[in-house]
Chemist: 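The structure is given below, and queries will be raised subsequently.
Chain A is the first sequence line, chain B the second, and so forth, proteins listed ahead of strands; every chain is numbered from 1.
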2 protein chains.
Amino acid sequence: MSVVPARRRRVRKAPTILDVAAEAGVSKSTVSNVVRGAEVADATRVRVLRAIDRLGYKPNAIARQFVQQRTTMLGVLVGDLSNPYYAQMAQVAERAAFRCGYTTMFCNIEGEENIAVAGVDSLLEHRVAGMVFLAYISRTRQLENALKQASVPIVFLGLSEQWGDSVGPQDTQGGRVATEHLLTLGHRRIAYVRTPLVEPSGDRARYAGYRAAMRKAGATAGSPMQWQPGTSTVRAGAARQDLRETLGSPAGPTALFVSNDIGAIAMIETCETLGFAVPGDVSIVGFDDIALAGLHRISLTTVAQPLDFQAERAVALLLERIADPGRPSRHESVPVELRVRNSTGPPAG
Amino acid sequence: MSVVPARRRRVRKAPTILDVAAEAGVSKSTVSNVVRGAEVADATRVRVLRAIDRLGYKPNAIARQFVQQRTTMLGVLVGDLSNPYYAQMAQVAERAAFRCGYTTMFCNIEGEENIAVAGVDSLLEHRVAGMVFLAYISRTRQLENALKQASVPIVFLGLSEQWGDSVGPQDTQGGRVATEHLLTLGHRRIAYVRTPLVEPSGDRARYAGYRAAMRKAGATAGSPMQWQPGTSTVRAGAARQDLRETLGSPAGPTALFVSNDIGAIAMIETCETLGFAVPGDVSIVGFDDIALAGLHRISLTTVAQPLDFQAERAVALLLERIADPGRPSRHESVPVELRVRNSTGPPAG
DNA sequence: TCATATCCGTGGAACGTTCCAGGATGCGTG
DNA sequence: CACGCATCCTGGAACGTTCCACGGATATGA
């Protein structure tokens, strides 16, 4: 009876570097060197590679990450994957990361803070090398703390942020050109419509652009109308208004600037359901230029922001910071561009 | 001068279980027990929890996974996140996995086999506990091998497969009801249009349903028309045809059954660009019922498959198999339902 | 021939956790 | 008091890799 405790048996245990070493008749270090692409004499290398092939060895990334005390995983906190705005950025970010040898862990936060906090925790427990924050959630104290206490780099994508790195569109400029487009068409009563689907700071900047353009043209800027897609009432300040009445009244807006495309498309739907033609009775401008906006049937005039480019930059910034954590934080804002389509036209009458 | 090699120093090293143990005055095992929720006397537990809080300790999932020789990560191979069909399923799958304590690693394969193979490799190196295959790529030998050699469970989502588990829609039934709908409207010349955006086996089944319905009604089923969205030519067998001529000819189809919604919506665009009204000149039916199809401006008649339900089931099947690898493989096909909207109507004349 | 340099390969420590056998303590019972 | 038992905690081994200092050949130069 052996005193040595039997090695726990497993079904079809995956071969390790030691199995390969034995098979090839070299030390584990040599196998490690081959796998990592370090200098090894050619003859030895092929011997090892053959052994790897015979055994079907796959390096254990978990063990590697464990010993190296760092991972090649990025975490992505994404607001809502079924929203094409996020989906597209998420996709590009994943591709960019993969190209650089990083895998990507996603966490859908669905606009809920507690999920977001749990997601951050989970990502940190998995020791991701960095995080991409790609969400519109209005960050409360708890989430803010969770993010700030995280000892890993964070890049904010689609918005600019005081701390960490960030990549976002030129929101103010975008708000301005959208509004100027409507003014040029002859509109004077233009409303700014805010939906919950946009990040608060970006929203404020877009509104600021709108205000600036209105003021410059001598038109009166209204306060933002809050709108929840799917409903037909809006809130302006404390007052609730019925959308049908608002648009139907003689003093009502002839054009709407909705702060994001998903909201703008939903607004087109709602307006038409209420019997207002777009752009005949009301012109609508969006923001983002998601793929959907370009469909003929939709044809939304919008402010295009280069989603792919931003996602690429975000990953690039993140990797730079991972490589050099001491680097001062960077904030990139990328130019936007008006895309005129068929949801806007001159005001009626 | 000390002979003992100095422990490599790191900036702000994350606290480990040992730091917590020292802080709380207990052994590392006790801390481990607290963290894992094992039985620990209440007094000790609070002492440990306080220490955890003071130090800001976060369990190291990498180390845990390493010692346990298994992870709580699922890999998802997704065809194309910017396609809402996948995005929605991916989102639901991620949520379901997260609820069960699993994190999700995504890999966008973008329809390219070599990316898919590299992605599978990467997921396996990270020792994911299982994989969800959510893509339309036609699997060539190499990818097929990579998947089969993977020693982890795989579930195919959105398609049925001979091996592994799978969850998919009742494709044949769906093809039948879509076709019957058009027949009922009075169409006799109905074409089946295949785009590269659908998984081959699902496509074949939908076509089979179409054929069956046509035969039963005494109409002649054509061979599938291959169509690449964005172009205006189709291939039927070996022959290339111009879409404008095809639809314009007196013997041309009065209705199209496109095998997926993204393709169907693109087809509406193309038809209208070519001057054919939908549904006036040509009726179009899709398959999937993505959110987009329900927009007023699109209003696509389509075969609805419960995407959320399928994604949930796929994760459930995967976790069951992870828990019991010996379980016989399961294939679930879920019922579909015709959703009649405004892209179909009686044939012209 | 010896010293030195170069080239390749090796062995051991370390990473942070889990798991398990067993130790310490306290309590009830014969 | 001795013993058994329950309760609670502990220490060590193991996981698969990387990294580093070192070792043994072989070549080079004096």
Chemist: One thing to verify: whether D19(B) and K13(B) come together as a salt bridge, which I'm taking to mean a side-chain N less than 4.0 angstrom from a carboxylate O.
Modeler: no
Chemist: Any ion pair linking R95(A) and E312(A) (charged N to carboxylate O, less than 4.0 Å)?
Modeler: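 Answer for the salt bridge query: no.
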Chemist: If you find the nucleotide of DNA chain C closest to K28(A) and the one closest to E39(A), which residue's nucleotide is nearer the 5' end?
Modeler: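 Comparing both residues, the 5'-ward one is E39(A).
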Chemist: Would you state whether a donor and an acceptor, one from the side chain of S29(B) and one from the base of dG11(D), lie under 3.5 Å apart?
Modeler: yes
Chemist: For Q68(B) and dC15(D), is the shortest distance between a side-chain N/O and OP1 or OP2 below 4.0 Å?
Modeler: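 For dC15(D), neither OP1 nor OP2 has a side-chain N or O of Q68(B) closer than 4.0 Å.
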Chemist: For dG16(C), take OP1 and OP2 only and decide whether either is under 4.0 Å from a side-chain N or O of Q69(A).
Modeler: yes
Chemist: Are F66(B) and dT17(C) stacked, counting the six-membered base ring, centres under 5.5 Å, planes under 30°?
Modeler: no
Chemist: Between E320(B) and R330(B), does any NZ, NE, NH1 or NH2 come within less than 4.0 Å of an OD or OE carboxylate oxygen?
Modeler: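 The answer is yes: the pair qualifies as a salt bridge.
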Chemist: Determine: side-chain N/O of R36(A) to OP1/OP2 of dC19(D), distance under 4.0 Å, yes or no.
Modeler: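 For dC19(D), OP1 or OP2 has a side-chain N or O of R36(A) closer than 4.0 Å.
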Chemist: Does T16(B) have a side-chain nitrogen or oxygen under 4.0 Å from the phosphate oxygens OP1 or OP2 of dG16(C)?
Modeler: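 It does not, given that no N or O in the side chain of T16(B) lies less than 4.0 Å from OP1 or OP2 of dG16(C).
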Chemist: What I want to find out is whether R313(A) reaches E332(A) closely enough, with some N-O distance under 4.0 Å, to be called a salt bridge.
Modeler: yes
Chemist: Expressed as a whole number of angstroms, how long is the span from K13(B):NZ to dC15(C):P?
Modeler: 7 Å
Chemist: Does S32(B) put a side-chain nitrogen or oxygen below 4.0 Å from OP1 or OP2 of dT17(C)?
Modeler: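 Indeed not, no polar side-chain atom of S32(B) lies that close.
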